[in-house]
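Contents: one structure, followed by commentary.
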Protein chains: 2
Amino acid sequence: MAQAGTVDRILDTAEVLFAQKGFAETSLRAITSKAGVNLAAVNYHFGSKEALIQAVFERFLTPFSLALDAKLDEMEASGIPDTPENVLGIVFRLALGTHPEDPQRAAIFFRLSGQAYSQPQSHLREYLHQHYSAVFARLQRHLQQAVPDVPPMELFWRVQFSLGAVIFTLSGMQSLQSISKADFNMDASTADITKRLLPFLVGGIQAEVPDQPLHTGK
Amino acid sequence: MAQAGTVDRILDTAEVLFAQKGFAETSLRAITSKAGVNLAAVNYHFGSKEALIQAVFERFLTPFSLALDAKLDEMEASGIPDTPENVLGIVFRLALGTHPEDPQRAAIFFRLSGQAYSQPQSHLREYLHQHYSAVFARLQRHLQQAVPDVPPMELFWRVQFSLGAVIFTLSGMQSLQSISKADFNMDASTADITKRLLPFLVGGIQAEVPDQPLHTGK
DNA sequence: CTATCAGCCAAACGTATGTTTGAAACGTAT
DNA sequence: ATACGTTTCAAACATACGTTTGGCTGATAG
């Protein structure tokens with residue numbers, strides 16, 4: 001078994017640098033030198049840079065999706081009603097609270113997700129879809145219960161819109177904060193923005209569907 | 001003056017490849033060979049790769065922001081009321097209609113914007129902010145008129161959320177479409193998604209602000 | 001004590017990148 | 001036709017990257 005120190009130091013450093021500068025812009029040399037390990041360690045322990053990236057995501061998403069599954073179990077068992085507020089609240093509290101020891105970790109989580117989604121080459125995207133689409137579908141089913149009047153197709157897109165709002169905002173927070181600071185002289189933490197996000201998303205998800213038929217291609 | 005052919009062929013090819021694969025992942029050799037021009041042409045006409053990227057954005061955003069400014073003038077002159085639907089409608093119609101000769105161009109526009117925003121190194125972001133923050137602020141002022149009950153700070157974030165929903169969804173449309181096709185057996189064009197986006201964003205922007213004070217530090 | 005083997009290390013390898021160079025080709029005004 | 005400034009071109013340059021190599025280290029088992 002790999003000695004704990006090296007592998008974890010690589011993962012810790014890589015996730016920070018990937019979140020800060022992106023995958024292509026972060027070299028293995030930057031990671032290893034900052035982590036204080038030898039350059040060859042990455043290929044020795046992970047096999048390749050791409051495998052490193054996947055490992056970083058796996059360490060993030062596996063605990064998250066397990067916890068989300070458990071919370072949804074809990075919700076179903078205790079009869080808490082499916083409202084948009086409840087379903088989205090679970091997700092947000094989990095995203096913010098999965099690593100209570102390090103509040104900045106949540107920001108890294110979102111920035112990494114943003115990087116993954118804007119990555120045009122789809123290797124990583126397919127990997128994520130394969131490993132985590134089940135929990136995602138379950139989430140969407142609960143939301144559908146919450147807003148039965150919204151057609152499933154419409155809801156699918158609204159979930160995508162919500163994902164976009166969340167990931168985009170929280171992954172770009174650093175720069176947005178400087179803008180908001182300049183214009184409003186005020187800070188904003190990840191938790192703050194999340195609180196603002198909730199009513200926005202709820203309002204969007206349960207908005208009335210216009211009854212004029214959408215032009216859906218003949 | 002530069003010969004029109006070479007410069008435009010480079011810009012045409014670069015914007016497509018940047019949108020498809022990202023900035024770092026697109027080499028000058030890929031651009032120049034696909035464009036049928038010499039490798040050195042990029043550095044000769046633009047100076048550097050980074051300048052090329054900025055030139056691509058300028059060609060996109062300058063006409064867009066000019067047209068948006070004109071439309072807002074028009075709106076103010078003709079006394080059309082500031083409602084979220086009207087303001088957002090103007091933006092969307094413009095984004096979709098600025099290049100009527102090529103409907104795919106709108107998709108490229110959104111993909112490029114997504115690339116720009118997810119780019120963690122802030123050179124491009126600062127450039128965009130410097131050149132286009134004025135129109136952006138004007139847009140936000142109109143929205144503020146539309147929803148006077150939403151505090152300015154709250155509205156600022158809701159605009160960011162909206163931007164995220166738009167850019168994220170439309171820039172990732174290609175892959176999202178394959179998902180939605182698999183789950184719902186249905187296509188979706190940029191125009192379709194835009195139609196779905198509008199009620200979602202309006203619902204989010206004019207959602208009631210929770211009166212419990214936000215935990216803002218302390 | 002010695003053999004073993006996973007982990008570590010410095011060094012090198014091959015490749016791809018952005019950029020620069022100097023000469024050729026071109027168009028245009030004299 | 002000639003001279004001149006601009007544009008194009010093949011080639012080379014320097015650098016950075018991901019990956020591989022072969023030997024070294026140190027703990028563990030026989």
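The basis for the numbers below is simple: all heavy atoms, side chains too, and nothing from hydrogens, waters or symmetry mates. Here is the naming used below: chain letters follow the sequence lines, and residue numbers restart at 1 for every chain.
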Can you name the residues that form a side-chain contact (heavy atoms from CB on, under 4.5 Å) with Pro63(B), not counting sequence neighbours? none
Under 4.0 Å, counting only non-hydrogen atoms across every strand here, what does Thr26(A) touch: a base, just sugar-phosphate, or nothing? sugar-phosphate
How close or far is atom P of dA16(C) from atom NZ of Lys49(A), stated in whole angstroms? 16 Å
Rounded to the nearest angstrom, tell me the gap between atom CZ in Phe46(A) and atom P in dT19(D). 13 Å
Which residues pass the ring pair (Phe, Tyr, Trp, His ring centres under 6.0 Å) test with Phe110(A), not counting sequence neighbours? none
Side chain to side chain contact (heavy atoms under 4.5 Å, CB included) between Ile90(A) and Leu139(A), worked out: CA-CA 10 Å; Ile90(A) 284 180; Leu139(A) 242 177; over 6 Å; no
Please tell me if the side chains of Phe161(B) and Ile205(B) come closer than 4.5 Å, counting only heavy atoms from C-beta onward. no
Length of the line joining Ile31(A):CD1 and dA16(D):P, which is rounded to integer Å: 17 Å
Grab the CZ-C1' distance between Phe23(B) and dT17(C) for me, whole Å please. 18 Å
Show me the protein contacts with nucleotides 13-15 of chain D, counting only N or O atoms at under 3.5 Å.
none

Measure from CD on Glu25(B) to C1' on dG18(C) and round the result to the nearest Å. 15 Å
Solution key, residues 52-59 of chain A side-chain donor-acceptor pairs under 3.5 Å, sequence neighbours excluded:
unit_1	atom_1	unit_2	atom_2	d
Glu58(A)	OE1	Tyr127(A)	OH	2.8
Arg59(A)	NH1	Asp12(A)	OD1	3.1
Arg59(A)	NH2	Asp12(A)	OD1	2.9
Arg59(A)	NH2	Glu15(A)	OE1	3.2

Between Gly47(A) and Ser27(A), whichever has its closest DNA chain D nucleotide further toward 5' is Ser27(A)
Using ring pair (Phe, Tyr, Trp, His ring centres under 6.0 Å) as the criterion, list what pairs up with Phe64(A), not counting sequence neighbours. Phe109(A)
Would you please confirm or rule out a distance under 4.0 Å between OP1 or OP2 of dC8(C) and any side-chain N or O of His45(A)? yes
dG18(D) OP1/OP2 closer than 4.0 Å to side-chain N/O of Asn43(A): no
Partners of Leu17(B) by side-chain contact (heavy atoms from CB on, under 4.5 Å), sequence neighbours excluded? Thr13(B), Gln20(B), Thr26(B), Ala30(B), Ile31(B), Lys34(B)
Looking only at side-chain N and O atoms, does Ser48(B) come under 4.0 Å of OP1 or OP2 in dG18(C)? no
Applying side-chain contact (heavy atoms from CB on, under 4.5 Å), name anything that partners Phe136(B), two or more places apart in sequence or on another chain. Gln140(B), Val159(B), Gln160(B), Leu163(B)
By side chain to side chain donor-acceptor pair (under 3.5 Å), which residues pair with Arg138(A), not counting sequence neighbours? Asp69(A), Asp73(A), Glu76(A)
Which residues share a side chain to side chain donor-acceptor pair (under 3.5 Å) with Tyr132(A), sequence neighbours left out: Thr62(A)
Runs of at least three consecutive Watson-Crick or G-U pairs, both distances under 3.5 Å, are what I'm after; which ones involve DNA chain C? C:1-30 with D:1-30
Interface with DNA chain C, restricted to residues 33-42 of chain B and to heavy atoms under 4.0 Å: Leu39(B), Ala40(B)
Holding to side chain to side chain donor-acceptor pair (under 3.5 Å), I want the full list of residues that pass it with Asn86(A), two or more places apart in sequence or in another chain. Thr83(A)
Is any side-chain heavy atom of Phe168(B) closer than 4.5 Å to a side-chain heavy atom of Val166(A)? no
Leu28(A) CG to dA10(C) P, in whole Å, measures 16 Å
Mind calculating the distance between NZ (Lys21(B)) and C1' (dA16(C)) to the nearest angstrom? 13 Å
From OH of Tyr44(A) over to P of dC5(C), roughly how many Å is that when rounded to an integer? 12 Å
